[in-house]
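Counting starts at 1 for both ligands and their atoms, in listed order. These numbers were taken from a predicted model, which means no experiment stands behind them. Reckoned from all heavy atoms, side chains included, excluding hydrogens, waters and symmetry mates.
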Amino acid sequence: MEIINRIPRMISIARELRSEKRRIGFVPTMGALHEGHLELCARAREMCDTVIASVFVNPAQFGPNEDFEKYPRDLARDAELAFTKGVDLIFAPALDDIYPEGFSTYVTVEGLGDRLEGASRPGHFRGVTTVVNKLLNIVSPHFAFFGRKDAQQVILIKRMVRDLAMDVEIVVVPIVREEDGLALSSRNVYLSADERKAALVLKRALDRCRTLYNGGERDCSKLISSMRSVIESEPLARLDYLAITDTARLDALDTIPFDQPTLISLAVFLCDTRLIDNIVLNGEI
Ligand code: AMP
């Protein structure tokens, strides 16, 4: 159990682990760990010999008016939680080690990164794929674990790994929810008691969609307007986007196909807090 801050040390440990033929599992996070992150760590623990989690709040994936400054940070707490869940090493690099002066190399997954979350948060995915690429270079894991909570992120990272022939297998872990259905998120701490209740509207809208789908509805405009009316029934909620897309190109669909996975995703503001959630019909991403 160790917290590693410096890139050269992380690289040399990873090299040694690989030379000992240990399977490395990697869980990248921005900290403020909750049961969702810990579920990724648990999957990594099951599948790998050494589990490394990173904690790095990545400025490149935040927009100028987003919550980079106020994002919750508590490395000591994160480390304690992670280590009790069987994480072997934490990699918590400094900002200027990840982005040294003159940093000018970015990874962009074209097209996919401008849609859905990318349309609302320009530049977000460029920040994500760049930092994930760098972290994977440093940790050189056999497996890297990502939550389906951020479905578009998973789709982009898988595409990056395939396109650039990166030697890592991406493992996708289902969404961990509170008992009442709210998807766990580090941003849930921003919610007031009233907003926390209102936040259930995301899951309610997705449940409505699934119920209609199970009843035979395949028309996306009907499904979307039904979900929209659920969101609109909650006065504290403001819909950012709501989309039904395929999972390969993230194109909006008119009709849900019977033989292709379909992503239903949405983002909703509760006052200043922006929450996302999704379901996948007909398979997995
Ligand atoms: P973050 O710290 O928000 O960057 O998230 C780190 C990883 O945890 C990402 O792969 C997320 O998709 C995943 N994650 C966050 N929340 C959840 C959740 N409720 N269930 C499953 N995975 C999650």
Side-chain angles (χ1 to χ4, degrees), residues 25-47 51-63 66-68 70-75 77-79 81-82 85 87 90-93 98 116-117 121 124-136 139 141 143-161 168-191 196 199-200 202-203 206 247 263 265-268 273-280 284-285:
F26 178 45
V27 180
T29 82
M30 297 205 299
L33 299 187
H34 52 61
E35 286 298 326
H37 299 113
L38 298 177
E39 185 67 21
L40 306 190
C41 298
R43 273 303 290 288
R45 184 71 281 160
E46 281 164 23
M47 292 176 59
V51 178
I52 303 173
S54 64
V55 173
F56 180 69
V57 185
N58 175 32
Q61 69 188 69
F62 288 78
E66 294 185 358
D67 55 341
F68 175 69
K70 76 163 181 174
Y71 199 83
R73 292 165 170 86
D74 188 345
L75 183 60
R77 175 190 166 275
D78 288 342
L81 266 178
K85 292 288 174 169
V87 170
I90 290 201
F91 177 48
I98 295 295
L116 308 177
E117 282 295 287
R121 307 181 67 191
H124 169 69
F125 285 115
R126 176 188 192 245
V128 169
T129 40
T130 299
V131 82
V132 169
N133 193 299
K134 182 156 185 171
L135 292 170
L136 291 171
V139 176
F143 299 91
F145 297 79
F146 291 87
R148 207 201 69 217
K149 162 89 186 333
D150 298 280
Q152 187 177 6
Q153 172 171 284
V154 167
I155 291 167
L156 265 89
I157 286 168
K158 282 187 165 182
R159 185 66 59 87
M160 171 182 80
V161 164
V168 61
E169 186 173 320
I170 302 302
V171 180
V172 185
V173 176
I175 301 178
V176 178
R177 298 178 180 280
E178 302 278 8
E179 236 165 67
D180 62 6
L182 179 67
L184 294 187
S185 162
S186 305
R187 292 190 167 96
N188 291 350
V189 298
Y190 301 151
L191 300 170
R196 170 65 183 76
L200 290 177
L202 284 87
K203 177 67 164 42
L206 294 169
T247 58
L263 175 65
S265 57
L266 79 172
V268 171
T273 306
R274 186 172 176 283
L275 300 181
I276 58 172
D277 203 344
N278 70 79
I279 55 173
V280 181
E284 266 305 335
I285 52 174

Counting only heavy atoms, tell me which of Arg187, Glu178, Lys149, Arg148 gets closest to atom 23 (C) of ligand 1. Lys149

Regarding atom 22 (N) of ligand 1: of the candidates Ala183, Gly147, Ser54, which has the closest heavy atom? Gly147

Using a 4.0 Å cut-off to any heavy atom of Phe146, which atoms of ligand 1 qualify? 10 (O)

Glu66 with Arg274: basic N within carboxylate O range, under 4.0 Å: no

Do the side chains of Arg196 and Leu182 get nearer than 4.5 Å, heavy atoms only? yes

Is any N or O atom of Asp150, backbone or side chain, closer than 3.5 Å to an N or O atom of ligand 1? yes

Please examine the side chains of Val176 and Leu38, heavy atoms only from C-beta on, and report whether any two atoms are closer than 4.5 Å. no

With Phe146, which of Val27, Leu40, Ile170 fulfils side-chain contact (heavy atoms from CB on, under 4.5 Å)? Ile170

Can you list everything that forms a ring pair (Phe, Tyr, Trp, His ring centres under 6.0 Å) with Phe62? Sequence neighbours excluded, please. Phe68, Tyr71

So if I count the atoms of ligand 1 from 1 in the order they appear, which ones are less than 4.0 Å from some heavy atom of Pro28? 6 (C), 7 (C)

Does Leu156 reach the side chain of Val132, with side-chain heavy atoms less than 4.5 Å apart? no

For His34, state whether at least one heavy atom is located under 4.0 Å from any atom of ligand 1. yes

Numbering as shown, the atoms of ligand 1 that approach Leu184 to under 4.0 Å (heavy-atom distance): 16 (N), 17 (C), 18 (C), 19 (N)

With a 4.0 Å heavy-atom cut-off (strictly under), which part of Leu40 contacts ligand 1: side chain, backbone, both or neither? side chain

Using the side chain to side chain donor-acceptor pair (under 3.5 Å) criterion, which residues pair with Asn58? Sequence neighbours excluded. Gln61, Tyr99

Ala32: heavy atom below 4.0 Å from ligand 1, yes or no? no

Return the closest protein heavy atom for atom 20 (N) of ligand 1 as residue, atom name and distance. Val176 N, 2.9 Å

Would you mind listing which atoms of ligand 1 come within a distance below 4.0 Å of any non-hydrogen atom of Thr29? 2 (O), 6 (C)

State whether the shortest distance between N or O atoms of Ile175 and N or O atoms of ligand 1 falls below 3.5 angstrom. no

Out of Ala151, Pro174, Ala144, indicate the one that has the non-hydrogen atom closest to atom 21 (C) of ligand 1. Pro174

Of the choices Met30, His37, Glu35, which has the non-hydrogen atom that lies closest to atom 5 (O) of ligand 1? His37

Within a strict 4.5 Å, meaning less than it, do heavy atoms of the Ser265 and Glu117 side chains meet? no

Is the shortest side-chain heavy-atom distance between Lys149 and Arg177 below 4.5 Å? no

